[in-house]
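Here the structure is a predicted model, which is why all the values come from computation and not from measurement. So that the names make sense, note that chain A is the first sequence line, chain B the second, and so on, each numbered from 1.
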Protein chains: 2
Amino acid sequence: MDAPGTPTLDEVARLAGVSRATASRAVNGSSRVSDRARDAVEAAVRSLGYVANPAARTLATRRTDSVAVVVPEPDDRVFSDPFFGRTLTAVNRVLAERDLQLVLLLARPGEEEDRTLRYLRGGHVDGAIVVSHHRSDHLAEHLGGLGLPCAFVGRPIVGADRVAWADTDNVAGARLATELLLERGCRRIGHVAGPGDMAVGQDRLAGHLAALDDAGLDTEPVEHGDFTEASGEAACARLLTAYPDLDGLFVASDLMARGALRALAAAGRSVPDDVAVVGYDDLGADHCTPPLTTVVNPAGDLAERATRLLLARLDDPAAVPEPVLLPPTLVRRASA
Amino acid sequence: MDAPGTPTLDEVARLAGVSRATASRAVNGSSRVSDRARDAVEAAVRSLGYVANPAARTLATRRTDSVAVVVPEPDDRVFSDPFFGRTLTAVNRVLAERDLQLVLLLARPGEEEDRTLRYLRGGHVDGAIVVSHHRSDHLAEHLGGLGLPCAFVGRPIVGADRVAWADTDNVAGARLATELLLERGCRRIGHVAGPGDMAVGQDRLAGHLAALDDAGLDTEPVEHGDFTEASGEAACARLLTAYPDLDGLFVASDLMARGALRALAAAGRSVPDDVAVVGYDDLGADHCTPPLTTVVNPAGDLAERATRLLLARLDDPAAVPEPVLLPPTLVRRASA
DNA sequence: AGACGGAGTGGAAGCGCTTCCACACTTCGC
DNA sequence: GCGAAGTGTGGAAGCGCTTCCACTCCGTCT
């Protein structure tokens, strides 16, 4: 809703003594404008406090200059997750470079999903970034069919070959973690895995199993958690009961690892001497006791890369999306 | 950006055998349309998959059907704060009732602030909700001058008399907390206060002091923290040193209270027998040891109320904004 | 000197929608 | 039976912007 007396381009043009066409060109920094005209227009803009009407501009250009960030499952857990905040700030930062606006779409699956899809179809935004923090619903498929440029933060669990995405190589990262435990001489290595319906959960488990397989060790000791501290504690306790000779533990997230450390302490095992522990994410890992050796999961980087993928598609819609897969980094601290 | 073959209202009208005017009325649910025409239009809409072009609609109606949520200080801390997530989901829920879209504006003070103000001035949104989680910058003043309907979640520290806002009565809440300690028989009551430049910090301190004043007790024992756990621990430790006879403690947030509990444990004081403790927020208070008696700070409610205030202003821009001040609730647990 | 190309400009046609207004057609009260 | 009121409808005028196109000046090249 404009304020009552919002100045239009017409008034700017009149004040500057040029036509509306020239005023428009000057405002948009087109080259085909004389210095004299440009200066006059700029002065008029300043004196009138002119701001272009975005709706009119969008109608004429078919660009909205805004990008949606779609969060499929906006429960409280998503928001309290530090990943989310870092993702949002990173996306926002990159979009700001191009003066693009971030529109947040909280899409609770079900009734809300329709609304979201309608919004995306409706031409409100030029593109979408999907934070597929959890399982990616059917969003990847739907968006693909929509013809709307989009990019995923984190590899979508289905349709990954048809949309752009950025992720860290979770398989390689998990492999790194487990191989560190092997190097230390661990021979009975357990894994507290994430949910099986999330790409990160699957990949980290796969990397872990591959490393054990290569070493010819038993791949049995695996328990699943749901990325909460409590679930990590419980899963670790189950592992200790089933495999009392456990001497190494790879946990699929630092938060769960924190729970696992508590379970180990409760069981009287010392870390890393009795059981060496490696986490994942590098999220508060240095505040654990003992400080956690872990694999870095750079949320901000990922979000930035995904956003740049989207920008590239906006620049050239025909370009084939090339996924970004960042190599993992291991941070050694005291726990392994 | 529309997909290439996006159907327009013209095509719908043609297919339905009516004029564009009638089609528009039918689509917008106007009353002055015959059943026959309405059915025909609806059928055409369905068969064409018509979605109204929002830019054209905005241009014609001067409504954008979207509302900005302005977050003045989007550092990681804000996002990891559970308040933020609850606020956002509550706002989104209420907006969804009216089919309004949420546009998130992350406004790092400084360079970004201009951009934000320009955006708000530019007619991109019908109104704004400001999450004045921290000190409220100059936003209240600027927005007031802009003529853009807005509402604040949490009383703005300046300009509170000129904009709509919703908050809990932090003064009364703090009073409730301290009076509980008085009832228990505490006679040397300390306070770990929040930052002095935030309304919540000021108000909770004021309520506390008023209660002590009424009881004729010493109001001296006050230390400030910054709402982090560590600052609460340090502030409590300082209080214990300065006032070894402390027997009651009101802490301005549960997170700081958690730190205070740790300081008390370290000092060998038992809670609540040696020192009774009351927190504020009811945020993870039941997971402390001992479970924390605290004052509820209903973030979701607040956000909902603020959003409804904004909706009311959108309906009737002339209406005088009446602030909402929710009464506080005390939750008794084991710590006091 | 005349033809040519490029730079700068303005006129005007849209972009897709809403809504005012005028009109035709019913229905009602007297 | 006739004017008044009410109901649906279509024509057309915008909303404020961008951009194609045509046009006028220039300086430059044969």
Side-chain angles (χ1 to χ4, degrees), chain A residues 1-42 44-45 48-66 99 118 121-124 126, chain B residues 1-42 44-45 48-66 99 118 121-124 126:
Chain A
M1 200 185 305
D2 287 353
T6 303
T8 74
L9 190 57
D10 240 343
E11 303 173 40
V12 171
R14 211 170 312 143
L15 181 59
V18 299
S19 73
R20 195 164 73 233
T22 299
S24 172
R25 282 185 285 254
V27 166
N28 292 297
S30 153
S31 53
R32 297 256 172 289
V33 178
S34 66
D35 291 351
R36 228 165 60 80
R38 185 187 319 281
D39 290 349
V41 170
E42 277 170 6
V45 164
L48 255 41
Y50 169 75
V51 183
N53 178 317
R57 179 171 277 172
T58 295
L59 188 56
T61 59
R62 310 172 92 48
R63 276 182 301 105
T64 65
D65 294 320
S66 59
D99 235 304
R118 218 171 46 234
R121 287 192 53 206
H124 285 91
D126 297 337
Chain B
M1 196 184 309
D2 289 351
T6 304
T8 75
L9 190 57
D10 239 344
E11 303 173 39
V12 171
R14 210 170 314 141
L15 182 59
V18 299
S19 73
R20 195 165 71 234
T22 299
S24 172
R25 281 186 285 256
V27 165
N28 291 300
S30 155
S31 52
R32 296 255 172 289
V33 178
S34 67
D35 290 351
R36 228 165 60 80
R38 186 187 316 283
D39 290 349
V41 170
E42 276 170 6
V45 164
L48 255 41
Y50 170 76
V51 182
N53 179 318
R57 180 172 277 172
T58 294
L59 188 56
T61 60
R62 305 172 99 41
R63 278 183 300 104
T64 65
D65 293 320
S66 59
D99 234 306
R118 221 172 43 235
R121 286 191 53 207
H124 285 90
D126 297 336

Send over the distance from [X] [atom1] to [N] [atom2], rounded to a whole Å.
X	N	atom1	atom2	answer
B:D10	D:dG11	CG	C1'	13 Å
A:D35	C:dG8	CG	C1'	11 Å
A:R14	C:dT9	CZ	P	19 Å

Could you say whether B:V33 or A:V51 is positioned toward the 5' end of DNA chain D, judged by the nucleotide with the nearest heavy atom to each?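 Nearest-nucleotide comparison on DNA chain D picks B:V33.
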
Result block: side-chain N/O donor-acceptor pairs under 3.5 angstrom for residues 33-41 of chain B, not counting sequence neighbours:
from: B:S34; atom 1: OG; to: B:A37; atom 2: N; distance (Å): 3.2
from: B:R38; atom 1: NH2; to: B:V33; atom 2: O; distance (Å): 3.4

Between B:R36 and D:dT9, is there a side-chain N or O to OP1/OP2 distance below 4.0 Å?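 Indeed not, no polar side-chain atom of B:R36 lies that close.
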
For A:T8 and D:dG16, is the shortest distance between a side-chain N/O and OP1 or OP2 below 4.0 Å?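 Looking at the OP1 and OP2 atoms of D:dG16, neither is under 4.0 Å from any side-chain N or O of A:T8.
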
Under the side-chain contact (heavy atoms from CB on, under 4.5 Å) test, residues paired with [X] that sit two or more places apart:
X	result
A:A60	none
A:L15	A:A44, A:S47, A:L48
A:S66	A:T64, A:Q101, A:V103, A:V125

Which part of the nucleic acid, if any, lies within contact of A:A55, taking any heavy atom under 4.0 Å across all strands shown: a base, the sugar-phosphate backbone alone, or nothing?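 Counting heavy atoms under 4.0 Å across all strands, no contact is made by A:A55.
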
As a test of reading the structure: which of D:dT9, D:dG10, C:dC17 is closest to the side chain of B:N53, going by heavy atoms?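 Output: C:dC17.
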
Roughly what angle, to 10°, lies between the helix axis at the start of the helix from C:dA1-D:dT30 to C:dG29-D:dC2 and the one at its end, five pairs per end?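 For the helix from C:dA1-D:dT30 to C:dG29-D:dC2, the axes at opposite ends meet at about 50°.
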
side-chain hydrogen bond (donor to acceptor under 3.5 Å, both in side chains) with B:T61: which residues, sequence neighbours excluded?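 Listed in chain order: nothing, the list is empty.
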
Please report the closest heavy-atom contact between A:T8 and A:Y50, naming both atoms and the distance.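 Between these two residues, the closest heavy atoms are C-CE1, 3.6 Å.
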
Short heteroatom pairs, N/O only, protein and nucleotides 18-24 of chain C, under 3.5 Å:
from: C:dT18; atom 1: OP1; to: B:N28; atom 2: OD1; distance (Å): 3.3
from: C:dT18; atom 1: OP1; to: B:N28; atom 2: ND2; distance (Å): 2.9
from: C:dT18; atom 1: OP1; to: B:R57; atom 2: NE; distance (Å): 2.8
from: C:dT18; atom 1: OP1; to: B:R57; atom 2: NH2; distance (Å): 3.2
from: C:dT18; atom 1: OP2; to: B:S24; atom 2: OG; distance (Å): 2.6
from: C:dT18; atom 1: OP2; to: B:N28; atom 2: ND2; distance (Å): 3.4

Student check: side-chain heavy atoms of A:D65 and A:P54 closer than 4.5 Å: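 No - every pair of side-chain heavy atoms lies 4.5 Å or more apart.
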
State, with a plain yes or no, whether a side-chain heavy atom of B:N53 is found less than 4.5 Å away from one of B:T6.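 B:N53 vs B:T6: side chains apart.
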
Output every pair passing salt bridge (charged side-chain N to carboxylate O under 4.0 Å, His left out) with a member in residues 18-28 of chain B, not counting sequence neighbours, ordered by first then second residue.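 Salt bridge (charged side-chain N to carboxylate O under 4.0 Å, His left out) check on residues 18-28 of chain B returns B:D10-B:R20.
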
